[in-house]
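A single structure is presented below for examination.
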Amino acid sequence: MLSNSIVVFSSDNGGESLPKYGGYSTNYPLRGKKMQVWEGGIRIPAFIWSPLLHLQEPRVSMQLMHLTDWLPTLYSAAGGNVENLGDIDGQSLWEALLSNSSSPRQEILHNIDPVSNISAIRVGDMKLVTGNIESGEGTFYGKELLEDMEKPESMDEWVFRNGSIVKNLLIDMGLFLPTTPDTWRRNTEVQCNGDPETANGCDPSQAPCLYDIAVDPCEINNIADQHPQDVDLMLRRIKNYTEQAAEAQNQEIDLHGDPRCHGFAFVPWLDEEHLSNCPFQ
């Protein structure tokens, strides 16, 4: 089974960095956190392992991929015809992963929130952020936590020194991939193009902000003024998506249906004012 398996790990969003929201993660040096459209809120760790990928050496993939691409990618890897999936947003990256070629995914709509007036889109390496979003100041969370953190020992180093049942099994099958200790950790570390502490001004509520994510994953250098045509193009793409979007169906909060009012859940940021509004205690 293992010789014909695909193992995938993927997170769903960046970590929550503010203790008042129950979070103690750090996405630093990436900007932002969970629920934000900065890279710290949307760029996530993932890996894919399979003997079916044996045509290429183990590597850190820089191919652009969106969550919706997993379905057609794995369906294609299993021998399915992606056209049978119908009209979906996802694209298969299986052939690109096999050959380490360019990703067919060239655009990602990160979000359009008509209620909060927040939008973000990526086209190629360029990413546009616009709307009622926190300005650049105060959006690089978790530096202190990262500095105080004792980095865990690399799993590569531990396995090479101590061995493991899984390692021995994979070696016997000719499927053990790592060749040098700590390769994965070094190659996956985010390298900023500058110091987050000196990020230039960006207030998306006043004007769209543009970043070249390939060279500036930490969103330090707003280059909107230097690329007005890219900004116009991406604003038009957002407008086009907005015209196709279903109307938001937000409803008024009904506290009768809130389990916190019944004492069934503990939420760190549930304050006394909220509790006093509960229709019953």
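When a residue number appears, it is its place in the shown sequence, counting from 1.
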Problem set entry | Those residues that, when tested against E107, pass salt bridge (charged side-chain N to carboxylate O under 4.0 Å, His left out) (two or more places apart) |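 Checked E107 against salt bridge (charged side-chain N to carboxylate O under 4.0 Å, His left out); matches are R237.
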For this session: Output yes when a side-chain donor or acceptor of Q249 lies under 3.5 Å from a complementary backbone atom of Q251, and no otherwise.
Result: no
Exercise. Got a sec, which residues hit ring-ring contact (aromatic ring centres under 6.0 Å, His included) with Y241, two or more places apart in sequence or on another chain?
Worked result: none
Problem set entry | side-chain hydrogen bond (donor to acceptor under 3.5 Å, both in side chains) partners of residues 121-131, not counting sequence neighbours, each pair once | E39-K127, K127-E219
For this session: Please list, chain by chain and in numerical order, all residues satisfying side-chain contact (heavy atoms from CB on, under 4.5 Å) with D225, sequence neighbours excluded.
Result: none
For this session: Only counting residues at least two apart or in another chain, list the ones meeting side-chain contact (heavy atoms from CB on, under 4.5 Å) with A246.
Result: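 Here no residue qualifies.
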Problem set entry | For Q244, all residues meeting side-chain hydrogen bond (donor to acceptor under 3.5 Å, both in side chains), sequence neighbours excluded |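 In terms of side-chain hydrogen bond (donor to acceptor under 3.5 Å, both in side chains), with neighbours along the sequence ignored, Q244 is linked to N240.
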For this session: Tell me, please, which residues at least two apart from S25 pass side-chain contact (heavy atoms from CB on, under 4.5 Å).
Result: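 Testing S25 for side-chain contact (heavy atoms from CB on, under 4.5 Å), a comparison that skips the adjacent residues, returns none.
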Exercise. Would you say the side-chain atoms of Q206 pair up with the backbone N or O of D203, donor to acceptor, closer than 3.5 Å?
Worked result: no
Problem set entry | Listed partners of T242 passing side-chain hydrogen bond (donor to acceptor under 3.5 Å, both in side chains), at least two apart |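 Once residues adjacent in sequence are excluded, T242 has no partner under the side-chain hydrogen bond (donor to acceptor under 3.5 Å, both in side chains) criterion.
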For this session: For D216 and I220, indicate whether the former's side chain and the latter's backbone hold a donor-acceptor pair under 3.5 Å.
Result: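 Checking the backbone N and O of I220 against the side chain of D216, a donor-acceptor pair under 3.5 Å is found.
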All N/O donor-acceptor pairs, side-chain side in residues 5-15, below 3.5 Å, sequence neighbours left out:
residue	atom	partner	partner atom	Å
S5	OG	M1	O	2.5

For this session: Using salt bridge (charged side-chain N to carboxylate O under 4.0 Å, His left out) as the criterion, list what pairs up with D232, not counting sequence neighbours.
Result: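 Partners of D232 by the salt bridge (charged side-chain N to carboxylate O under 4.0 Å, His left out) criterion come out as none, since no residue qualifies.
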Seminar exercise, completed: Heavy-atom nearest pair, T26 first then S17, reads CA-OG, 4.2 Å
Problem set entry | Identified side chain to side chain contact (heavy atoms under 4.5 Å, CB included) partner of T73 from the options L97, V82, T68 | L97
Problem set entry | disulfide bond (SG atoms under 2.5 Å apart) contacts touching residues 77-124 (sequence neighbours left out) | none
Seminar exercise, completed: Residues at least two apart in sequence or cross-chain that pass side-chain contact (heavy atoms from CB on, under 4.5 Å) with N111, listed by chain then number, are V37, D113
